[in-house]
Amino acid sequence: MNVYNLKPQLRKYETLTFINEADAVKTLNFFIGIPIQAHWFSIQAKIYREDGDLEKPASDFPSFGAGRPIFSAQAVGALQDILLPNGEILPLTFEGKQDIYFAFNTTQVIDALDEENSELERFSSGRVMRIIRHEFFSNKVEEATIFKIPQSARSLVYVTDKFVERVNKAGLTGFDFVSLWNEEHLENN
């Protein structure tokens with residue numbers, strides 16, 4: 001089993017950004033592993049482009065960045081059965097239209113990080129500032145598909161092989177799975 005950081009392929013595909021900076025600020029307290037559907041407002045999104053950027057193809061994962069996944073309607077359709085038990089699918093408004101892209105708020109938070117065997121940087125308070133090398137308790141992630149951990153609930157979304165296999169089987173684009181941990185290395189050490 002592998003655990004990956006879920007990231008968009010920024011260099012190859014379009015990504016989305018907020019039309020209103022105020023929405024970006026408001027969402028900083030969202031996407032932290034707790035339900036937000038009752039407080040959700042439809043965020044206005046647009047394609048992110050810098051001056052001189054070449055046009056890139058659209059994808060099924062044009063995420064806002066770490067911790068704030070955005071899925072296309074096609075991706076939601078293909079993954080809905082594994083998304084819904086692990087979070088909330090929230091509508092976005094893209095170029096004045098709805099039902100094209102959806103935000104995903106991961107509410108499945110698993111206390112699965114083996115802090116003792118991980119490499120961590122901590123604040124003076126002892127709280128985890130940054131995870132340099134992840135070690136997970138395999139029994140806590142073996143049934144997981146998409147989740148967060150308490151130590152990085154604001155920033156990272158984790159997925160397992162089950163999620164990666166479903167994305168690949170559906171032919172979805174724009175996903176970059178950065179391997180963070182492999183259970184087999186534990187057996188070989």
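The structure presented is a predicted model; accordingly, all values stated were derived computationally and were not measured.
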Side-chain polar contacts of residues 79-88 - donor-acceptor pairs under 3.5 angstrom, sequence neighbours left out - could you list them?
from: D81; atom 1: OD1; to: R166; atom 2: NH1; distance (Å): 3.4
from: D81; atom 1: OD1; to: R166; atom 2: NH2; distance (Å): 2.7
from: D81; atom 1: OD2; to: R166; atom 2: NH1; distance (Å): 3.2
from: N86; atom 1: OD1; to: Q108; atom 2: NE2; distance (Å): 3.3
from: N86; atom 1: ND2; to: I82; atom 2: O; distance (Å): 2.6
from: N86; atom 1: ND2; to: T145; atom 2: OG1; distance (Å): 3.1
from: E88; atom 1: OE1; to: I36; atom 2: N; distance (Å): 2.9
from: E88; atom 1: OE1; to: Q37; atom 2: N; distance (Å): 3.4
from: E88; atom 1: OE1; to: N105; atom 2: ND2; distance (Å): 2.9
from: E88; atom 1: OE2; to: I36; atom 2: N; distance (Å): 3.3
from: E88; atom 1: OE2; to: Q37; atom 2: N; distance (Å): 3.2

Would you confirm whether S63, through its side chain, and R68, through its main-chain N or O, come within 3.5 Å as a donor-acceptor pair?
->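 Such a contact is found between S63 side chain and R68 backbone.
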
For S152 and Y158, run side chain to side chain donor-acceptor pair (under 3.5 Å): C-alpha distance rounded to whole Å, both residues' side-chain angles, the deciding distance at 0.1 Å, then the answer.
-> CA-CA 10 Å; S152 67; Y158 299 90; 3.1 Å; yes

Who passes side-chain contact (heavy atoms from CB on, under 4.5 Å) against S125, sequence neighbours left out?
->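 side-chain contact (heavy atoms from CB on, under 4.5 Å) check on S125 returns F123, R127.
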
Residues two or more places apart in sequence or in another chain: which of them pass salt bridge (Lys or Arg N to Asp or Glu O under 4.0 Å) with E115?
->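 Per chain and number, E115 pairs via salt bridge (Lys or Arg N to Asp or Glu O under 4.0 Å) with R122.
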
Only counting residues at least two apart or in another chain, list the ones meeting salt bridge (Lys or Arg N to Asp or Glu O under 4.0 Å) with K46.
->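 Listed in chain order: nothing, the list is empty.
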
Report the distance from atom CD1 of I110 to atom NZ of K148, rounding to the nearest 0.5 Å.
->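 Rounded to the nearest 0.5 Å, the CD1-NZ separation comes out at 13.0 Å.
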
In the single-linkage hydrophobic clustering (I, L, V, M, F, W, Y; side-chain heavy atoms under 4.5 Å), do F94 and Y48 co-cluster?
->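 No: no chain of side-chain contacts under 4.5 Å links F94 to Y48.
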
Does one hydrophobic cluster hold both V109 and F147, with members joined at side-chain heavy-atom distances below 4.5 Å?
->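 Hydrophobic grouping puts V109 apart from F147.
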
Write down the atom of A112, the atom of I149, and the distance for their closest heavy-atom approach.
->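 Closest heavy-atom pair between A112 and I149: N-CG2, 4.5 Å.
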
Of all the heavy-atom pairs spanning P91 and W40, show the shortest one and how long it is.
->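 Residues P91 and W40, closest heavy atoms: O-NE1, 2.9 Å.
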
Taking side chain as C-beta onward, heavy atoms only, is I47 less than 4.5 Å from E95?
->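 When only atoms from C-beta onward are counted, E95 and I47 do touch, with a gap below 4.5 Å.
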
Side chains of F71 and F61: closer than 4.5 Å at any heavy-atom pair?
->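 When only atoms from C-beta onward are counted, F61 and F71 do touch, with a gap below 4.5 Å.
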
Positive for side-chain contact (heavy atoms from CB on, under 4.5 Å) with F30, one of I34, I32, T27 |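 Option passing the side-chain contact (heavy atoms from CB on, under 4.5 Å) with F30: T27.
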
side-chain contact (heavy atoms from CB on, under 4.5 Å), paired with W181, selected from T160, N2, V141 =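 Only one option passes, and that is V141.
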
Which atom pairs, one a donor and one an acceptor, fall under 3.5 Å between side chains of residues 5-22 and the rest of the protein, sequence neighbours left out?
from: Q9; atom 1: NE2; to: F175; atom 2: O; distance (Å): 3.3
from: E14; atom 1: OE2; to: R49; atom 2: NH2; distance (Å): 3.4

What is the ring orientation for F163 with F177, classed by angle as parallel under 30°, tilted 30 to 60°, or perpendicular over 60°?
->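 Perpendicular, since the angle between the ring planes exceeds 60°.
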
By side chain to side chain donor-acceptor pair (under 3.5 Å) - contacts of D114 (at least two apart) |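 N117.
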
Between D161 and Y4, does any side-chain donor sit less than 3.5 Å from a side-chain acceptor?
->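 Distance-only check passes for D161 and Y4.
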
